[in-house]
Amino acid sequence: MSIATLESPPLTSAALTFDDPDAIWAVGGAPTAGGLAHYPLSNRDVRADAAWARRQLAALSVGSGSLIDLVHNYSESGQFWPYYLAAIELGAQVMNGMATPWDVGRIEMYVRRFPLQAVLGVSPQTIEGMAAFGLDAARVLGGLPVVGARDAAATALEALGLHPQRMTILGPMILFTAPGQADAPYDAAEWRLEADVEGRILVSSGPERAARFDRLDTGLRGSVADGRVRLEPAA
């Protein structure tokens, strides 16, 4: 039986300095089958996640001089902050917006005024908001080199003739599935993923991470093999 658990690490922060690798940087929020699970992120965790994010961004041709827009809500900062750090390390500049219907004007303005390399994190609410405010999503996003859209938003953009990167927040991590691909890589050095007999994707944390996830049920289904995840379409 697959039970999601998250144990808090021992409270030893009083003996740590602010920039100690084991010091807690922040508390993130991971979507799970049972709702949002809050989990600690240490300085070491953030640096490890930024190293992975740097490889993901470089694969999207984000580099020195690139401008990118990250679209996310505050509760998703644990997953997205490493991408800010990675972009800065690559020499890129980062804008941001919220994954809400009422913030679509900011995304449209960025796209219209700046030569963006990528907008990452487009949500279903983003697509709904563009329609509500009279914006043509295909026109706003269609000229960008890279668009990263969450699953339902990616499906909507594909119906409009676009070819987005399909982004999925899988518990404490972000997956990127490239156009035309059926699966996505994940950081096997930090996380252990498995699918149980019912096809539920479970995540466990690596031994060095502050969060002690033990077969956390992400609420998504699919298969895991060779460091890649293939997700089933949402029902």
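Predicted model, so just to flag it, every value in this text is computed and none were measured.
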Counting only heavy atoms from other residues, nucleotides and ligands, does the tally under 6.0 Å from [atom1] of [X] exceed 12?
| X | atom1 | value |
| --- | --- | --- |
| Asp226 | CG | no |
| Arg139 | CZ | no |
| Arg113 | CZ | no |

Checklist entry - Is there a donor-acceptor pair under 3.5 Å between the side chain of Gln79 and the backbone N or O of Gly171? => result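 The answer is yes, because a donor-acceptor pair under 3.5 Å joins these two groups.
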Item to check | Short side-chain to backbone donor-acceptor contact, Arg150 and Gly121, under 3.5 Å | outcome: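 A pair under 3.5 Å: yes.
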Item to check | Val229: which of Asp183, Leu175, Thr218 passes side-chain contact (heavy atoms from CB on, under 4.5 Å) | outcome: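 Answer after filtering Asp183, Leu175, Thr218: Leu175.
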Checklist entry - For the side-chain contact (heavy atoms from CB on, under 4.5 Å) test, which of Ile169, Asn96, Asn73 pairs with Phe80? => result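 The residue from Ile169, Asn96, Asn73 that satisfies side-chain contact (heavy atoms from CB on, under 4.5 Å) with Phe80 turns out to be Ile169.
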Checklist entry - Given a cutoff of under 4.5 Å between side-chain heavy atoms of I, L, V, M, F, W and Y, with clusters grown through shared members, what are the other residues clustered with Tyr74? => result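 Hydrophobic cluster check, Tyr74: joined to Met98.
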Checklist entry - Which hydrophobic side chains are connected to Leu116, either touching it within the sub-4.5 Å cutoff or through other members that do? => result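 Joined to Leu116, directly or through intermediates: Leu67, Val71, Met95, Val104, Ile107, Met109, Tyr110, Val111, Phe114, Val119, Val122, Ile127, Met130, Phe133, Leu135, Val140, Leu141, Leu144, Val147, Leu157, Leu160, Leu162.
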Next on the checklist: Quick check: closest heavy atoms across Ser223 and Ala195, and the distance to 0.1 Å?
Outcome noted: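 Looking at all heavy atoms of both residues, the closest pair is CA-CB, 4.2 Å.
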Next on the checklist: Looking at every heavy atom in both Leu36 and Pro31, which two are closest together, and how far apart are they?
Outcome noted: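 Where Leu36 meets Pro31 most closely, the heavy atoms are CD1-N, 3.8 Å.
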Checklist entry - In chain order, what residues pass the salt bridge (charged side-chain N to carboxylate O under 4.0 Å, His left out) check against Asp187, with sequence neighbours excluded? => result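 Expected list: none.
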Next on the checklist: Does Arg54 form a salt bridge (Lys or Arg N to Asp or Glu O under 4.0 Å) with Asp49? I'd like the steps, not just the answer.
Outcome noted: CA-CA 9 Å; Arg54 181 169 177 162; Asp49 293 344; over 6 Å; no
Item to check | Chi angles and distances behind the salt bridge (Lys or Arg N to Asp or Glu O under 4.0 Å) call for Glu190, Arg44 | outcome: CA-CA 11 Å; Glu190 293 294 309; Arg44 189 218 72 89; 2.7 Å; yes
With a 4.5 Å cut-off on side-chain heavy atoms, are [Y] and [X] touching?
| X | Y | answer |
| --- | --- | --- |
| Val203 | Met173 | yes |
| Leu193 | Leu170 | yes |
| Pro172 | Tyr39 | yes |

Next on the checklist: Tell me which pairs pass ring pair (Phe, Tyr, Trp, His ring centres under 6.0 Å) where either residue lies in residues 134-186, with sequence neighbours left out.
Outcome noted: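 Sorted result for residues 134-186: Tyr83-Phe176.
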Spacing of [X] atom [atom1] and [Y] atom [atom2] [to the nearest 0.5 Å]:
| X | Y | atom1 | atom2 | result |
| --- | --- | --- | --- | --- |
| Leu57 | Leu120 | CG | CG | 7.0 Å |
| Thr155 | Glu158 | OG1 | CD | 5.5 Å |
| Ser205 | Asp214 | OG | CG | 8.0 Å |

Checklist entry - Would you call the rings of Tyr84 and His72 parallel, tilted or perpendicular if under 30° counts as parallel and over 60° as perpendicular? => result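 Tyr84 vs His72 ring planes: perpendicular.
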Checklist entry - Does the side chain to side chain contact (heavy atoms under 4.5 Å, CB included) test come out yes or no for Asp217 and Thr32, once each step is laid out? => result CA-CA 6 Å; Asp217 184 353; Thr32 76; 5.9 Å; no
Item to check | Set of side-chain contact (heavy atoms from CB on, under 4.5 Å) partners for Thr177, sequence neighbours left out | outcome: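 side-chain contact (heavy atoms from CB on, under 4.5 Å) list for Thr177, sorted by chain: Arg166, Gln181, Ala184.
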Item to check | Arg200/Glu232 under salt bridge (Lys or Arg N to Asp or Glu O under 4.0 Å): CA gap, chis, key distance, verdict | outcome: CA-CA 10 Å; Arg200 296 178 297 181; Glu232 295 179 2; over 6 Å; no
Checklist entry - Does any pair with a residue in residues 27-37 pass salt bridge (Lys or Arg N to Asp or Glu O under 4.0 Å), and if so which ones, sequence neighbours excluded? => result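 Matches after skipping sequence neighbours: none remain.
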Checklist entry - Does a side chain donor of either Ser42 or Asp45 reach within less than 3.5 Å of an acceptor in the other side chain? => result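 Asp45 and Ser42 do have a side-chain donor-acceptor pair below 3.5 Å.
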Item to check | side chain to side chain contact (heavy atoms under 4.5 Å, CB included) assessment of Arg228 paired with Arg230 | outcome: CA-CA 7 Å; Arg228 301 183 72 89; Arg230 177 176 296 202; over 6 Å; no
